[in-house]
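Quantities reported herein were computed from a predicted structural model and do not represent experimental measurements. Nothing fancy with the numbering, it's 1 onward along the sequence. Counting convention: from 1, in listed order, for ligands and their atoms alike.
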Amino acid sequence: MTARIIDGKQVAAEMRAELKAEVARLKEQGIIPGLGVVLVGDDPASKSYVTAKERACEEIGIYSDDNRLDASISQRELMALVEKMNGDPKINGILVQSPLPDGLNEPEVVLAIDPAKDVDGFHPVNVGKMVIGEKAFWPCTPHGIIQMLIHSGVTIEGADIVIVGRGNLVGKPLANLLIQKSNMGNATVTVCHTRTKNLSNHTKRADIVVAAVGRPNTITADMVKDGAVVIDVGVNRVEDATKKRGYRLVGDVDFETVKEKASLITPVPGGVGPMTITMLLYNTVESAKRAAGLDV
Ligand code: NAP
């Protein structure tokens, strides 16, 4: 079997078109969703993520308040900026790009963000609400994966899902969302990590395998069953002298061989990545609607 490729860019484009129409409707009611963006330092990867997020905001009509700060900023100044955005009615979502430079206390910054504006879904209040199944901002990458599965016609309810990786950004929240008693959950989930004994025993029986590891070729063809759905979250740089920049991006899955066995598979790049930004836009629009007292 050769897998159908799940085109993350296509699914993201469909969702962004819906969001753009919604933003236009909100504007007719005088509501303009706003995202406050904070980038500290000059890490090239962070810069490109922030630029992509701001461009995506612009494309669908979300106002973005761009704050690019020198790495020498103090914790106090950064906290003051977050407080200012907490109180700014034009800002519905606050995004502080991670990782912060050494010397800044990231957990403290996340805690300072008003949970009602925590569109990344990282604040412990939102994490706690998500775990107990209350309305909350869901973290963007796990939510994007679920939306991508739904848009691709994959049945989540009752599926045997194996997630490889238990990180706070992807593995852990995704597992929590997928076990919720809800129409986006109801799956049976196993979470694997470096201490898992015989990883392939788990992955081989899964209907859906999600790799969120950060290591190329962690999932090979012999580790998945025929017809499995394979979602590759990993983003890894491997040296490639044929590329101008000297490297190319690959996921955690050995794409070329696994695609011959899976029924559906996501590529890297062009799979999960575009969905992550889309769900940030989604959360910002939701936040604007909640702030305006619209029933969401
Ligand atoms: P993380 O917090 O470092 O977690 C990685 C997890 O992988 C850990 O739980 C680790 O196990 C597990 N692991 C590492 N090697 C393993 C192995 N050989 N076998 C089984 N498990 C193994 O990373 P993350 O933040 O979740 O990110 C994971 C990947 O997703 C990275 O490549 C990241 O760049 C990518 N990512 C992509 C997006 C996107 O939008 N496309 C968003 C977020 C992250 P232990 O816990 O035992 O150490």
Among protein heavy atoms, which lies nearest [atom], and at what distance?
atom	value
atom 39 (C) of ligand 1	Thr276 OG1, 3.8 Å
atom 15 (N) of ligand 1	Val213 CG1, 3.4 Å
atom 29 (C) of ligand 1	Gly214 N, 3.7 Å
atom 25 (O) of ligand 1	Leu169 CD1, 3.6 Å
atom 30 (O) of ligand 1	Val233 O, 3.5 Å
atom 46 (O) of ligand 1	Arg166 NE, 2.7 Å
atom 33 (C) of ligand 1	Val235 N, 4.3 Å

Under a plain distance cut-off of 3.5 Å, with no hydrogens placed, do [Y] and [X] share a side-chain donor-acceptor pair?
X	Y	answer
Glu77	Ser74	yes
Arg290	Ser287	no
Gln97	Lys53	yes

Per-atom contact, atom 3 (O) of ligand 1, protein heavy atoms, under 4.0 angstrom:
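Flag for atom 3 (O) of ligand 1 set to false, no protein heavy atom closer than 4.0 Å.
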Look up atom NZ in Lys20 and atom CD in Glu59, then write down how far apart they are to the nearest 0.5 Å.
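Rounded to the nearest 0.5 Å, the NZ-CD separation comes out at 7.5 Å.
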